[in-house]
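Following: one structure in structure tokens, then a few remarks.
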There are 2 protein chains.
Amino acid sequence: MAVKRSGPDAGLGEFIRRQRELGHLSVRQLADACGISNAYLSQIERGYRNPSSFVLKALADGLELSADTLYAQAGILDPSDGEAGDVAEAVRRDPYLSARQREILIEMYESFRKVNDSD
Amino acid sequence: MAVKRSGPDAGLGEFIRRQRELGHLSVRQLADACGISNAYLSQIERGYRNPSSFVLKALADGLELSADTLYAQAGILDPSDGEAGDVAEAVRRDPYLSARQREILIEMYESFRKVNDSD
DNA sequence: CGTGGGTGCTTGCAAAAGTTAACACTCCTT
DNA sequence: AAGGAGTGTTAACTTTTGCAAGCACCCACG
């Protein structure tokens, strides 16, 4: 599946460590806040382990940044996913729409915005 | 340890299954698109497995939605996340749309919802 | 019929995730 | 100097992920 597997090679880990240090947190403090063991966090930071989705989310919360930011660092999120107003966001989060329907609604919304700009 | 543990309890899995069905994809089709095995996807959808962050990201891509959307559904539900389905609300609050445009978007949104019900 | 392909599901098993209990080191305090 | 408490790291272990290979079922087509 092409995705980078473990090994001392972790951009994500380095980023987490830097964020942790910026927040003046010890390995144990952040690990506790995330509900994981300090040993495990240490290994994640040095690229010897890949966190599960739940742990990644917990880390994002503990570091007070969005999961998307961590994903971006993990190299698994297109930075282009960024922007989007509240409407587009609400559409993306709606669990009852198909991908195609979301696409249509967002496109229509953005075309409305565009038209209004030139007023 | 705070992080939610497995069990047939899967909000996330149900959501993934629903999205897959809305896209008219078979288990094998989505699994292939995500680079994971069909057996594994089946188990994820029924709540017997928790995907790693990499697999979760692949699923988000395969379903054409953002990783955060999956996270929101993943049951790490901050109630503060403002109850997803408020597309209509977001549209009504948007200051950059005309009354007519709001009407159109909401109507289209609701018709999508209606169509999906009868799947 | 019958067989080939479609669907989702079960079953081992190797390989990772994740834990507990240690380690070595530093900095304070006594 | 001897202890305590802080730091990050390692080692041995258990639990979970994720896959290959197969099951049972349904539907179309010769």
Side-chain angles (χ1 to χ4, degrees), chain A residues 1-63 67 70-71 73-76, chain B residues 1-63 67 70-71 74-76 119:
Chain A
M1 93 152 241
V3 182
K4 191 166 45 172
R5 281 291 162 218
S6 57
D9 147 57
L12 175 61
E14 286 171 12
F15 178 74
I16 290 174
R17 170 155 296 187
R18 204 146 39 76
Q19 287 302 308
R20 176 175 63 78
E21 287 168 346
L22 282 176
H24 303 287
L25 295 168
S26 75
V27 171
R28 280 175 173 84
Q29 283 175 320
L30 179 57
D32 287 353
C34 296
I36 66 177
S37 69
N38 57 76
Y40 185 42
L41 176 54
S42 169
Q43 288 169 328
I44 289 173
E45 288 189 348
R46 281 167 317 118
Y48 289 102
R49 292 282 192 280
N50 289 321
S52 73
S53 51
F54 291 98
V55 168
L56 188 65
K57 171 65 169 127
L59 284 167
D61 287 350
L63 292 169
L70 272 189
Y71 266 136
Q73 273 301 320
I76 47 188
Chain B
M1 89 98 293
V3 179
K4 187 141 113 189
R5 283 279 152 241
S6 56
D9 154 53
L12 175 60
E14 286 170 12
F15 177 75
I16 290 174
R17 172 154 293 188
R18 172 159 190 90
Q19 285 302 309
R20 177 175 63 77
E21 286 168 347
L22 282 174
H24 303 287
L25 296 168
S26 74
V27 170
R28 269 166 241 263
Q29 283 175 319
L30 178 56
D32 286 353
C34 297
I36 66 176
S37 70
N38 59 76
Y40 184 41
L41 175 54
S42 170
Q43 289 169 326
I44 289 173
E45 288 189 349
R46 283 168 313 120
Y48 290 102
R49 291 281 192 280
N50 287 70
S52 71
S53 52
F54 291 98
V55 169
L56 187 66
K57 169 57 173 143
L59 283 168
D61 285 352
L63 293 169
L70 277 188
Y71 269 143
I76 315 163
D119 277 351

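Here is how names work: the chains are called A, B, and so on, in the same order as the sequence lines, proteins then strands, and each is numbered from 1. Note that the coordinates shown come from a computational prediction; the quantities given were computed from them, not determined experimentally.
Closest non-hydrogen pair, B:G62 versus B:C34, comes out as CA-SG, 4.3 Å.
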Contacts under 3.5 angstrom, residues 20-31 of chain A side chains, donor-acceptor by atom type, not counting sequence neighbours:
| unit_1 | atom_1 | unit_2 | atom_2 | d |
| --- | --- | --- | --- | --- |
| A:R20 | NE | A:E45 | OE2 | 2.7 |
| A:R20 | NH1 | A:L25 | O | 2.9 |
| A:R20 | NH2 | A:E45 | OE1 | 3.1 |
| A:S26 | OG | A:R28 | N | 3.4 |
| A:S26 | OG | A:Q29 | N | 3.0 |
| A:Q29 | OE1 | A:S26 | N | 2.8 |

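For the atom pair CG (A:L56) and CD1 (A:I16), the distance works out to 6.5 Å, reported to the nearest 0.5 Å. In this structure, the separation between CD1 on B:I36 and CD1 on B:I44 is 4.5 Å, given to the nearest 0.5 Å.
Rounded to whole Å, atom P of D:dG6 lies 19 Å from atom CD of A:E21. Between the CG atom of A:L30 and the P atom of C:dG18 there is a distance of 14 Å, rounded to whole Å. Between A:I36 atom CD1 and C:dT20 atom C1' there is a gap of 14 Å when expressed in whole angstrom units. If you measure from atom CG of A:D32 to atom C1' of D:dT7, you get 14 Å, rounded to the nearest angstrom. Atom pair B:I44:CD1 and D:dT16:P shows a separation of 15 Å (rounding to whole Å applied). The CG atom of A:L41 sits 10 Å away from the P atom of C:dT19 (whole-angstrom rounding). If you measure from atom OH of A:Y48 to atom C1' of C:dA15, you get 18 Å, rounded to the nearest angstrom. Following rounding to the nearest Å, A:F54 (CZ) and D:dT16 (C1') show an atom-to-atom distance of 12 Å.
Taking only side-chain nitrogens and oxygens, B:N50 never comes nearer than 4.0 Å to OP1 or OP2 of D:dT16.
You'll find the side chain of A:N50 stays beyond 4.5 Å of the side chain of A:L12, heavy atoms only.
Shown here are the side chain to side chain donor-acceptor pair (under 3.5 Å) partners of A:S37, two or more places apart in sequence or in another chain: there are none.
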Enumerate all atom pairs, one protein N or O and one N or O from nucleotides 6-9 of chain C, separated by less than 3.5 Å.
| unit_1 | atom_1 | unit_2 | atom_2 | d |
| --- | --- | --- | --- | --- |
| C:dT7 | OP1 | B:S26 | OG | 3.0 |
| C:dT7 | O4 | B:R28 | NH2 | 3.2 |
| C:dG8 | OP1 | B:R20 | NH1 | 2.9 |
| C:dG8 | OP1 | B:V27 | N | 3.4 |
| C:dG8 | OP2 | B:V27 | N | 2.7 |
| C:dG8 | N7 | B:R28 | NH2 | 2.6 |
| C:dG8 | O6 | B:R28 | NH2 | 3.0 |
| C:dC9 | OP2 | B:R17 | NH2 | 2.9 |
| C:dC9 | OP2 | B:S42 | OG | 2.9 |
| C:dC9 | N4 | B:N38 | OD1 | 2.9 |

